[in-house]
Amino acid sequence: MSQHTPGPWSCQSAVYSELGEWSVDNPVRRVALVNDGAHNVEANARLIAAAPEMLEFVRMFADETETSKSLKAMDQARALLAKVEGVSL
């Protein structure tokens with residue numbers, strides 16, 4: 001299995017672009033440049049930026065067996081949803 005670019009990833013409007021693009025970056029380099037030609041480019045960039053955390057969550061959730069860990073998983077799920085949806089908790 002190949003490895004993805006390490007997270008965390010963040011996204012922001014590519015201000016130098018006249019095309020309405022959004023960039024997805026980790027602290028070291030660009031991961032993706034998003035321009036789907038539609039009005040949902042920001043939402044797509046947020047979803048891409050959350051991918052490493054979503055993968056980690058799915059791995060953690062797959063290993064859950066205890067109630068206390070399940071509560072932690074629910075908190076992490078809420079934080080991920082907020083990140084993907086662009087809202088604060």
Side-chain angles (χ1 to χ4, degrees):
M1 181 168 99
S2 62
Q3 295 293 315
H4 62 78
T5 303
W9 297 355
S10 62
C11 66
Q12 54 277 332
S13 175
V15 294
Y16 59 85
S17 171
E18 296 177 13
L19 302 174
E21 296 170 318
W22 277 66
S23 64
V24 178
D25 307 289
N26 78 352
V28 177
R29 66 181 214 199
R30 170 146 308 133
V31 175
L33 190 59
V34 182
N35 180 354
D36 62 4
H39 298 288
N40 54 355
V41 66
E42 179 182 353
N44 290 340
R46 285 195 313 265
L47 184 60
I48 293 166
E53 292 169 88
M54 288 190 290
L55 176 60
E56 185 60 33
F57 173 75
V58 169
R59 286 178 176 154
M60 182 184 76
F61 197 76
D63 293 335
E64 291 300 317
T65 56
E66 298 175 22
T67 303
S68 63
K69 287 184 180 180
S70 294
L71 293 174
K72 180 181 176 185
M74 292 305 296
D75 289 341
Q76 188 172 357
R78 288 183 188 100
L80 281 169
L81 285 172
K83 181 175 184 175
V84 170
E85 294 170 352
V87 298
S88 58
L89 293 175

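If you read the sequence from its start, that first residue is 1, and numbering goes on from there.
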Point to revise | Considering all heavy atoms, the nearest P6-N26 contact | key: O-ND2, 3.1 Å
Point to revise | All side chain to side chain donor-acceptor pair (under 3.5 Å) counterparts of E42, not counting sequence neighbours | key: R46
Point to revise | V41 versus V34, closest heavy-atom pair with distance | key: CG2-O, 3.2 Å
Exercise for review: Starting from the C-alpha separation in whole Å, work towards a yes-or-no answer on side-chain contact (heavy atoms from CB on, under 4.5 Å) for H4 and V31.
Suggested key: CA-CA 10 Å; H4 62 78; V31 175; over 6 Å; no
Exercise for review: Return the set of residues passing side-chain contact (heavy atoms from CB on, under 4.5 Å) with A49 (not counting sequence neighbours), or none when no residue passes.
Suggested key: W9, C11, V24
Revision key, fill the gap. Closest heavy-atom pair, E53 versus Q76, reported as atoms and distance to 0.1 Å, is O-NE2, 4.3 Å
Review point. When clusters are formed by joining ILVMFWY residues with side-chain heavy atoms under 4.5 Å apart, either directly or through shared neighbours, do L80 and L47 land in the same one?
Key: yes
